[in-house]
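Notes for the one structure printed next.
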Amino acid sequence: MAKENSFDIVSKTDYAEVTNAINQTTKEVSQRFDFKGSKATAELQGKDLVLSAEDETKLRNMNDILQSKLVKRGVSLKALDYQKIEPAAGGTVRQTVKIQQGIPTDKAKEVVKFIKDGKYKVQASIQGETVRVSGKDRDTLQEVIGALKAKDFGIDMTFDNYRTN
């Protein structure tokens, strides 16, 4: 019997790197002149990131700082899902940013459909928050990875657990 090769498509965010980026952002905001006397904060509440500042301009500037710190630490910006800016207590504004962990079901279905429409000789199946792709030929699996990297699904995707059974 021929060997079966497989890999998993996953979406993981390293919360330690996110925490480090938040700490660096907080330090830079406290030292910058345009944030002098500001109550701007960035903090992790559960699995979500909460940004708050006096006005939308400061919130946007703080978000730019945070994004640059995240990129330097290797966290993909596609893993961030920005919610609506809402007013908060004391005349400030707040924005919640959901951090993606795992592939949502609708995106997983879109990935599986893309693989099936590509007419590759592989099987793709949704397993919880991951998509497993398996097939006999390693070269075909490499083609699938290349095609998935070329198409933008709007989510952060990594390929791991590449193995031969």
Side-chain angles (χ1 to χ4, degrees), residues 5-32 35 38-53 56-88 92-116 118 122-134 141-163:
N5 299 302
S6 67
F7 69 89
D8 292 339
I9 304 168
V10 297
S11 178
K12 294 180 187 170
T13 304
D14 187 358
Y15 278 99
E17 294 297 345
V18 172
T19 304
N20 290 337
I22 291 170
N23 292 340
Q24 287 179 338
T25 301
T26 304
K27 185 174 180 181
E28 185 170 329
V29 164
S30 70
Q31 294 173 347
R32 279 185 42 165
F35 283 98
S38 172
K39 296 177 188 149
T41 61
E43 57 192 14
L44 207 54
Q45 292 181 348
K47 299 264 183 216
D48 296 340
L49 182 62
V50 179
L51 306 172
S52 64
E56 289 188 30
T57 306
K58 284 188 179 173
L59 190 70
R60 213 173 6 261
N61 290 344
M62 189 169 63
N63 188 23
D64 290 342
I65 296 167
L66 177 66
Q67 285 182 354
S68 71
K69 302 298 181 195
L70 287 170
V71 167
K72 284 181 185 174
R73 297 203 142 279
V75 177
S76 174
L77 297 181
K78 287 183 181 179
L80 304 178
D81 180 23
Y82 290 93
Q83 306 300 308
K84 204 174 82 170
I85 295 174
E86 55 195 32
T92 61
V93 290
R94 174 179 45 219
Q95 184 174 28
T96 303
V97 183
K98 297 205 178 289
I99 300 173
Q100 175 190 329
Q101 198 73 334
I103 299 175
T105 308
D106 58 328
K107 292 291 184 182
K109 288 179 182 176
E110 191 179 327
V111 169
V112 170
K113 183 179 182 329
F114 175 76
I115 293 170
K116 290 191 191 276
V122 296
Q123 292 79 39
S125 61
I126 300 171
Q127 297 185 342
E129 294 183 335
T130 65
V131 176
R132 172 151 301 154
V133 181
S134 56
L141 291 178
Q142 292 291 343
E143 282 180 43
V144 171
I145 290 174
L148 289 169
K149 284 182 178 178
K151 181 162 173 40
D152 182 24
F153 290 98
I155 58 173
D156 177 38
M157 292 192 308
T158 54
F159 307 97
D160 70 352
N161 215 3
Y162 193 91
R163 62 176 169 227

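The figures that follow rest on heavy atoms only: side chains count, while hydrogens, waters and symmetry mates do not.
With values rounded to the nearest 0.5 angstrom, Leu49 atom CG is found 9.0 Å from Glu43 atom CD. Annotation: the span from Gln83 atom CD to Arg94 atom CZ amounts to 12.5 Å, rounded to 0.5 Å. Expressed to the nearest 0.5 Å, how far CZ of Phe159 lies from CD of Gln142 amounts to 10.0 Å. Rounded to the nearest 0.5 Å, atoms OG1 (Thr158) and CD1 (Ile145) are 10.5 Å apart. Considering CG of Leu66 and CD of Glu28, their distance stands at 10.5 Å, rounded to 0.5 Å. Rounding to the nearest 0.5 Å places CG of Leu148 at 6.0 Å from CZ of Phe7.
Nearest approach of Ala108 to Val131, heavy atoms of both residues: CB-CG2, 3.9 Å. Between Phe153 and Glu110, the shortest heavy-atom contact is CD2-OE2, 3.5 Å. Here the shortest heavy-atom pairing between Ala53 and Thr92 reads O-CB, 3.2 Å. Across all their heavy atoms, Thr41 and Ser52 have their closest contact at OG1-OG, 2.7 Å. Between Ala40 and Met62, the closest heavy-atom pair is CB-SD, 3.8 Å. Nearest approach of Asp48 to Ile99, heavy atoms of both residues: OD1-N, 4.4 Å.
Ile155 has its side chain out of reach of Lys78: every pair of non-hydrogen atoms, C-beta onward, lies at least 4.5 Å apart. Between Val111 and Met157, some side-chain heavy-atom pair lies under the 4.5 Å cut-off. No side-chain heavy atom of Asn63 sits less than 4.5 Å from a side-chain heavy atom of Val97. With a 4.5 Å cut-off on side-chain heavy atoms, Gln24 and Lys72 do not count as touching. Between Arg132 and Asn161, the closest side-chain pair of non-hydrogen atoms falls below 4.5 Å.
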Side chain to side chain contact (heavy atoms under 4.5 Å, CB included) assessment of Val29 paired with Thr26: CA-CA 5 Å; Val29 164; Thr26 304; 5.9 Å; no
Taking only distance into account, with no hydrogens and no angle test, what donor-acceptor pairs under 3.5 Å do side-chain atoms of residues 10-22 form with protein atoms, sequence neighbours excluded?
residue: Ser11; atom: OG; partner: Gln100; partner atom: NE2; Å: 2.6
residue: Ser11; atom: OG; partner: Asp156; partner atom: O; Å: 2.9
residue: Thr13; atom: OG1; partner: Gln100; partner atom: O; Å: 2.8
residue: Asp14; atom: OD1; partner: Ala16; partner atom: N; Å: 3.2
residue: Glu17; atom: OE1; partner: Arg73; partner atom: NH1; Å: 2.5
residue: Thr19; atom: OG1; partner: Tyr15; partner atom: O; Å: 2.8
residue: Asn20; atom: ND2; partner: Ala16; partner atom: O; Å: 3.3

